[in-house]
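What follows is one structure encoded as structure tokens, with my remarks underneath.
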Amino acid sequence: MIADIEVNSEKMRYMRQLSKEFPSVAAASSEIIRIEAKLQLPKGTEHFMSDLHGENEAFVHILNSASGVIREKIDLLFADTVDSRARADLATLIYYPVMKLPELKRKQEDLDKWYSETLMRLILLCRQVSSKHTRSHVREVLPKSCGHIMDELLHAHFEDHNKQAYYDEIINSIIRYGRADAYIIRFCEIIKKLAVDRLHIVGDVFDRGARPDLIMDGLIEAQNVDFQWGNHDVVWMGAAAGSPICILTVLKTTLAYNNIDIIENGYGISLRTLDLMAEHVYANSDVTLWRAHGDDSSGWKEVARMHKAVTILMLKLEAQVIARNPDFRMDGRDYLNHIDYAAGTVLCNGKTYPLKDNDFPTVDPANPSALSAEEKSVLADLVRNFRESERLQRHIKFLFAKGSVYLCVNGNLLYHGAVPMTDSGDFAEETFDGKTYSGKALFDYCDRRARMGYFAEEGTPARTAGGDFLWYLWCGALSPIYGRSAMTTFERLYIEDPETHNEIKNPYYKHINGPNAGAVAEKILSEFGLTGEGCHIVNGHVPVRAVEGESPVKGGGKLIVIDGGFCRAYHAKTGIAGYTLVANSRGLTLKTHQPFESTEKAIQDDEDIDSRSEYIYTAPTRILVRDTDAGRAEAARIPDLLQLIRAYELGVIPEDTTAN
């Protein structure tokens with residue numbers, strides 16, 4: 001064993017580096033003991049959410065409640081000793097401690113007694129949710145100012161009569177010296193932190209709902225979170241990178257839903273020059289087609305004019321992007337090049353259709369994709385404003401740092417859209433720069449090229465190509481993040497015939513619902529290196545129409561679609577208000593949620609989200625830390641530590657005995 005170390009200089013360098021962290025036999029042995037003990041703990045709880053689409057209040061409530069897990073634990077602990085009203089109050093207190101606490105205090109006849117009871121209940125609940133964690137991990141999440149006191153209470157043995165007076169005095173002193181509110185709030189926050197070990201967001205934080213920025217703020221504060229980018233996310237990523245086509249696409253969606261507040265107030269991006277141009281160019285235009293969804297205000301035309309101005313600009317740039325990227329295979333979707341402006345018709349999929357609107361004051365029929373001088377000025381201003389938004393840049397850098405096109409974690413494969421497939425069930429091939437990709441290789445290529453759109457040097461061809469590709473991921477036919485034949489924005493605006501509005505799903509969706517769905521899911525999992533009974537695919541993107549009886553469980557039970565219409569705009573289509581998936585040491589549980597009214601209602605009336613649980617997979621034996629990716633990574637360190645100990649014993653590496 002030691003001979004190998006002496007011969008292999010690279011291994012020897014690693015051993016010497018490891019010795020700096022564990023400079024003695026005692027230190028290395030202690031680390032082995034710590035690892036082996038930790039591997040026997042139950043795995044932590046993972047929480048999966050997707051397609052949040054800016055619905056911040058519902059997101060925060062589900063996150064605070066851990067999809068109902070916290071209320072389940074409250075009922076488990078206190079069902080026999082605390083009435084349902086008090087349990088509901090306790091749950092809401094944990095979800096919103098700063099806002100709920102004053103209300104509860106006002107109701108108390110004996111406030112000190114209530115403080116004592118509430119602190120004890122929070123301590124017991126905190127013990128319950130911390131039972132899967134090491135004591136060192138729990139200490140890490142405790143506040144520095146009073147963590148030592150909280151640690152004493154969390155690990156107190158109240159049955160130890162010798163210390164009963166000691167523990168009673170801690171709680172009495174907390175109340176006596178006016179610190180009860182602070183301790184209650186801190187215990188509530190710790191419970192929420194410990195209830196969920198890791199949060200997975202399976203795409204689409206942005207668009208439609210009003211406040212994706214607040215969701216991003218909350219996720220940045222979360223301890224352990226990852227993203228699988230959705231198509232609505234990647235186009236915002238491109239916009240933050242300064243890609244003109246992505247900026248216009250973001251604005252098109254934002255204006256269509258009249259969510260200007262997120263642009264101007266959320267991210268501090270001025271639309272003043274756009275507004276002035278729209279007012280000037282489209283002052284006499286009929287902008288009825290561009291009226292924002294649900295906008296009943298008297299000033300709706302102002303937003304509609306901007307909506308139209310952005311749409312025309314977007315269509316011009318789409319034609320330019322399609323022309324310089326033949327690999328995208330989007331010929332025919334550069335619609336401004338296929339309009340007969342004199343006749344007022346457009347060629348779409350080989351057929352000619354009359355246009356619902358033939359007003360194109362800034363379009364030169366001889367060169368339809370050319371920008372006017374005013375449009376160039378407005379676009380330059382928009383690019384500058386998006387690039388200079390510090391808050392947007394912080395959010396998007398976080399998406400790049402914590403996100404990816406897909407993730408394999410603890411036996412589960414996570415991606416937002418689809419694995420592009422052919423009608424026969426093979427992985428669809430796509431060619432970029434003369435090289436063909438399919439399956440996992442396509443996902444990996446998309447991930448690498450998407451990052452070039454943000455991190456390649458500004459002004460370089462690589463940066464431009466990366467920005468174009470982020471737009472392709474938003475709407476391309478074989479984009480694994482989109483998974484449909486086309487984004488039919490133009491058709492829905494300009495062509496009456498509803499057949500042109502269809503966005504045909506990739507054959508992937510047929511296969512995961514077909515007679516061989518189980519084999520298809522196994523094939524996909526195997527492509528990404530995952531095999532075994534406990535492996536599953538977690539998918540988002542396409543809302544499950546539960547109201548029509550559609551099941552979110554597909555692929556022969558191996559694939560779970562967790563897009564249940566989190567966004568209010570989808571509630572009527574799905575009949576519910578979203579799914580979340582919970583993975584713990586027992587298996588997988590799907591939570592079906594009903595609509596959330598408001599944070600105010602939740603605080604005032606203890607109105608929780610009505611949720612239903614469905615067990616998707618029950619593990620044959622309890623899943624331990626040793627069965628997780630992180631556990632296996634830690635276990636892999638043990639042979640190196642044993643080798644280091646042997647090196648110390650034989651004197652190959654000098655031991656620092658002062659470290660014992």
Side-chain angles (χ1 to χ4, degrees), residues 31 34-35 37-49 59-74 77 90-101 118-157 167 170-171 174 179-201 216-226 398 401-402 409-410 582-585 624-625 628-631 633-634:
E31 179 65 3
R34 183 196 69 80
I35 291 172
K38 182 180 178 180
L39 295 178
Q40 305 309 310
L41 285 171
K43 79 173 283 294
T45 299
E46 297 173 83
H47 197 182
F48 303 77
M49 305 173 75
F59 163 74
V60 168
H61 189 85
I62 288 179
L63 193 64
N64 283 344
S65 67
S67 288
V69 169
I70 288 175
R71 181 56 193 265
E72 289 173 1
K73 292 187 181 299
I74 289 173
L77 283 173
L90 182 61
T92 307
L93 176 64
I94 293 168
Y95 305 160
Y96 308 101
V98 174
M99 292 179 278
K100 185 67 176 178
L101 186 55
T118 301
L119 283 166
M120 282 302 303
R121 289 167 186 169
L122 291 173
I123 290 166
L124 292 173
L125 185 59
C126 199
R127 285 185 180 184
Q128 176 75 11
V129 298
S130 67
S131 61
K132 293 182 180 180
H133 301 280
T134 63
R135 189 166 180 175
S136 63
H137 175 73
V138 175
R139 283 173 172 166
E140 286 176 6
V141 302
L142 296 177
K144 292 181 180 179
S145 60
C146 58
H148 59 294
I149 295 175
M150 298 179 81
D151 184 53
E152 282 280 351
L153 292 171
L154 285 177
H155 297 92
H157 295 283
Y167 296 131
I170 291 177
I171 292 176
I174 287 171
R179 300 298 297 161
D181 286 10
Y183 274 83
I184 286 172
I185 290 169
R186 287 181 176 126
F187 270 119
C188 290
E189 297 301 335
I190 291 164
I191 287 166
K192 288 185 286 191
K193 286 181 179 179
L194 294 177
V196 175
D197 193 55
R198 186 167 181 175
L199 177 61
H200 307 285
I201 305 296
M216 289 302 303
D217 284 342
L219 291 173
I220 288 172
E221 293 177 5
Q223 286 185 304
N224 195 1
V225 61
D226 56 68
F398 186 75
K402 298 290 186 177
V409 56
N410 296 333
V582 177
N584 58 27
S585 61
L624 305 180
V625 171
T628 67
D629 295 341
E634 288 224 61

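Just so you know, these numbers use all the heavy atoms, side chains as well, and skip hydrogens, waters and symmetry mates. These figures come from a predicted structure and were not determined experimentally.
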Before you tell me yes or no, could you show the steps for Asp197 and Lys43 under salt bridge (charged side-chain N to carboxylate O under 4.0 Å, His left out), namely the whole-Å CA-CA distance, both residues' side-chain angles and the distance that decides it to 0.1 Å? CA-CA 9 Å; Asp197 193 55; Lys43 79 173 283 294; over 6 Å; no
Side-chain donor/acceptor of Lys100 to backbone N/O of Ile94, under 3.5 Å: no
Listed partners of Gln128 passing side-chain hydrogen bond (donor to acceptor under 3.5 Å, both in side chains), at least two apart: none
For the student: nearest non-hydrogen atoms of His133 and Leu41, plus distance: C-CD1, 4.1 Å
How close do Lys38 and Val625 get, heavy atom to heavy atom, and via which atoms? O-CB, 3.4 Å
Heavy atoms, side chains only, cut-off 4.5 Å: are Pro97 and Glu189 in contact? yes
Of all heavy-atom pairs linking Tyr95 and Lys192, the shortest is O-NZ, 3.0 Å
Straight-line distance of Ile190 CD1 to Leu125 CG, nearest 0.5 Å: 11.5 Å
Sequence neighbours excluded, the answer for side-chain contact (heavy atoms from CB on, under 4.5 Å) partners of Ser130 is Val138, Leu194
What pairs with Asp629 under side-chain hydrogen bond (donor to acceptor under 3.5 Å, both in side chains), at least two apart in sequence or on another chain? Arg632
Scan Thr45, Val69, Val196 and name whichever one has a side chain to side chain contact (heavy atoms under 4.5 Å, CB included) with Asn584. Thr45
Given Arg135 and Leu154, is the side chain to side chain contact (heavy atoms under 4.5 Å, CB included) satisfied, shown in steps? CA-CA 10 Å; Arg135 189 166 180 175; Leu154 285 177; over 6 Å; no
Heavy atoms of Val582 and His47 approach each other most closely as CG2-CD2, 4.3 Å
Please report the interatomic distance OH(Tyr96) to CG(Leu101), rounded to the nearest 0.5 Å. 15.5 Å
Atom CE of Met216 and atom CD1 of Ile201: how far apart are they, to the nearest 0.5 Å? 9.5 Å
Between Val225 and Leu219, the two heavy atoms sitting closest are CG1-O, 3.7 Å
State, yes or no, whether a side-chain contact exists between Arg186 and Arg179 at a heavy-atom distance under 4.5 Å. yes
Under 4.5 Å between any side-chain heavy atoms of Leu93 and Phe187, yes or no? no
I need the Leu119 CG to Cys126 SG distance, nearest 0.5 Å. 11.5 Å
Who pairs with Tyr183 by side-chain hydrogen bond (donor to acceptor under 3.5 Å, both in side chains), at least two apart in sequence or on another chain? none
Please lay out, stage by stage, how Lys73 and Ile191 fare under the test side chain to side chain contact (heavy atoms under 4.5 Å, CB included). CA-CA 11 Å; Lys73 292 187 181 299; Ile191 287 166; over 6 Å; no
Before you tell me yes or no, could you show the steps for Ile185 and Val98 under side chain to side chain contact (heavy atoms under 4.5 Å, CB included), namely the whole-Å CA-CA distance, both residues' side-chain angles and the distance that decides it to 0.1 Å? CA-CA 7 Å; Ile185 290 169; Val98 174; 4.2 Å; yes
For Glu72, which residues count as a side-chain contact (heavy atoms from CB on, under 4.5 Å) partner, sequence neighbours excluded? Lys591, Ser613
Run the salt-bridge test on Glu634 and Arg34 with the 4.0 Å N-O cut-off and return the result as yes or no. yes
Might you point out which heavy atoms bring Lys132 and Ser585 nearest each other, and give the distance in Å? NZ-OG, 3.8 Å
Can you check whether Leu122 reaches Leu90 side chain to side chain, under 4.5 Å on heavy atoms? yes
Reported CG-to-CZ distance for the pair Leu124 and Arg121, which is rounded to 0.5 angstrom: 10.0 Å
Across all chains, not counting sequence neighbours, the side-chain hydrogen bond (donor to acceptor under 3.5 Å, both in side chains) partners of Arg198 are Asp226
